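Because the structure is a prediction, the values reported are computed rather than measured.
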Amino acid sequence: MKEKRRHQRFPTLSVVKSVEITQGAGKTNVPAIMCDISAGGMAMITCLPLPAASDIVLDLNMPEIDLKKVHARIVRTKEKNGTYLIALEFKRLSPVLKNKINTMAIDWKVCEQRLTAGKKINCSKCSYYALCTKKVKK
């Protein structure tokens, strides 16, 4: 099956943050567990149901990635045991931020490939370093 995504994703599962979500005239701070991110969107787990096909503005500061006033569309919401997996598509990101996220995704993928092949890794120049939770992290 062909991958539909245009952008490489990378995991952020260890990042738990409060996300400020603006929907219409209301703002809500929601604790969220970030699952993954790409230059095209992100997935998060939250206890707040957000309806699919709705537009939101989110504020989120992750290590190395500052998502302030980012316009997004909720493309999918899946409920499980009182929590919700929310899939977001970014409507606009600055080219600088897109490039940064793409670089982090590439660094993560290269590291995974090197680890799988049993090769040494070089953490000193890795843009994903701040989010990395691997045991081999230097």
Side-chain angles (χ1 to χ4, degrees):
M1 184 154 114
K2 185 176 179 189
E3 178 70 46
K4 292 180 182 179
R5 290 179 178 85
R6 293 181 302 187
H7 303 283
Q8 173 72 38
R9 294 180 293 166
F10 61 90
T12 57
L13 197 53
S14 63
V15 180
V16 178
K17 291 286 185 180
S18 178
V19 180
E20 182 180 282
I21 296 175
T22 304
Q23 207 171 12
K27 284 187 180 181
T28 307
N29 278 317
V30 180
I33 299 170
M34 315 318 293
C35 298
D36 61 43
I37 190 167
S38 76
M42 63 185 272
M44 64 183 178
I45 298 171
T46 180
C47 57
L48 179 69
L50 296 168
S54 58
D55 292 326
I56 64 170
V57 178
L58 65 102
D59 279 331
L60 170 65
N61 188 14
M62 293 171 49
E64 302 297 320
I65 304 172
D66 191 18
L67 299 172
K68 298 287 186 194
K69 306 288 182 233
V70 174
H71 293 258
R73 180 175 227 28
I74 299 171
V75 293
R76 193 171 47 260
T77 300
K78 185 176 179 182
E79 190 270 338
K80 184 175 183 179
N81 299 329
T83 61
Y84 300 87
L85 176 63
I86 310 291
L88 304 169
E89 178 181 23
F90 298 138
K91 292 174 100 176
R92 295 175 246 145
L93 280 184
S94 73
V96 171
L97 188 53
K98 273 187 180 184
N99 185 50
K100 185 174 202 168
I101 293 171
N102 280 329
T103 300
M104 292 174 82
I106 291 166
D107 284 353
W108 174 81
K109 186 175 183 177
V110 167
C111 181
E112 288 294 304
Q113 290 169 339
R114 292 186 67 77
L115 286 172
T116 301
K119 296 179 180 178
K120 288 187 177 186
I121 60 169
N122 181 1
C123 295
S124 66
K125 296 180 183 177
C126 181
S127 62
Y128 181 72
Y129 187 84
L131 293 171
C132 184
T133 58
K134 297 173 186 169
K135 291 180 182 178
V136 297
K137 181 178 174 181
K138 300 172 182 150

Separation between CD1 (Ile101) and OG (Ser38), nearest 0.5 Å, reads 7.5 Å
N/O donor to acceptor pairs below 3.5 angstrom from side-chain atoms of residues 80-87, sequence neighbours left out:
unit_1	atom_1	unit_2	atom_2	d
Thr83	OG1	Lys80	O	2.8

So side-chain hydrogen bond (donor to acceptor under 3.5 Å, both in side chains) across residues 97-115, not counting sequence neighbours, yields Asp107-Ser127, Glu112-Lys134
CZ (Phe10) and CD1 (Ile37) are apart, to the nearest 0.5 Å, by 5.5 Å
Residue set satisfying salt bridge (Lys or Arg N to Asp or Glu O under 4.0 Å) with Asp55, at least two apart, ordered chain then number -> Arg73, Lys91
Residues at least two apart in sequence or cross-chain that pass side chain to side chain contact (heavy atoms under 4.5 Å, CB included) with Ser94, listed by chain then number, are Val96, Leu97
(message) With a 4.5 Å cut-off on side-chain heavy-atom distances among I, L, V, M, F, W and Y, is there a chain of contacts connecting Ile65 to Val70?
(response) yes
Minimal heavy-atom distance between Pro31 and Thr46, with the atoms involved, is O-OG1, 3.4 Å
Contacts of Asp66 meeting side chain to side chain contact (heavy atoms under 4.5 Å, CB included) (sequence neighbours excluded), chain-then-number -> Asn61, Lys68
Those residues at least two apart in sequence (or on a different chain) that pass side chain to side chain donor-acceptor pair (under 3.5 Å) with Thr28 are none
Note: Ala32 and Met44 closest approach over all heavy atoms is CB-SD, 4.0 Å
| query | Same cluster or not: are Leu48 and Leu60 linked, directly or through other Ile, Leu, Val, Met, Phe, Trp or Tyr residues, by side-chain heavy atoms under 4.5 angstrom apart? | reply | yes
Sequence neighbours excluded, the answer for salt bridge (Lys or Arg N to Asp or Glu O under 4.0 Å) partners of Lys27 is Glu20
One should read off an interatomic distance between Leu88 CG and Ile56 CD1, to the nearest 0.5 angstrom, of 4.5 Å
Cluster membership besides Val75, Ile/Leu/Val/Met/Phe/Trp/Tyr side chains within less than 4.5 angstrom, sorted by chain and number, is none
>> Using side-chain heavy atoms (C-beta onward) and a distance below 4.5 Å, is Leu115 in contact with Ile121?
In response: yes
Applying side chain to side chain contact (heavy atoms under 4.5 Å, CB included) to Ala130 and not counting sequence neighbours gives Pro63, Glu64
Those residues at least two apart in sequence (or on a different chain) that pass side chain to side chain donor-acceptor pair (under 3.5 Å) with Lys69 are Asp59
Rounding to 0.5 Å, atoms CG (Leu50) and CZ (Arg76) come to a distance of 14.0 Å
Sequence neighbours excluded, the answer for side chain to side chain contact (heavy atoms under 4.5 Å, CB included) partners of Pro95 is none
| Can you find a pair of side-chain heavy atoms, one from Thr12 and one from Met42, that are under 4.5 Å apart? | no
Can you confirm whether Met34 sits close enough to Ile45 that some side-chain heavy atom of one is under 4.5 Å from a side-chain heavy atom of the other?
no
So CD1 of Ile106 and OH of Tyr128: to nearest 0.5 Å the spacing works out to 14.5 Å
CG (Leu93) and CG (Leu67) are apart, to the nearest 0.5 Å, by 6.5 Å
Here the salt bridge (charged side-chain N to carboxylate O under 4.0 Å, His left out) pairs for residues 117-128, sequence neighbours left out, are none
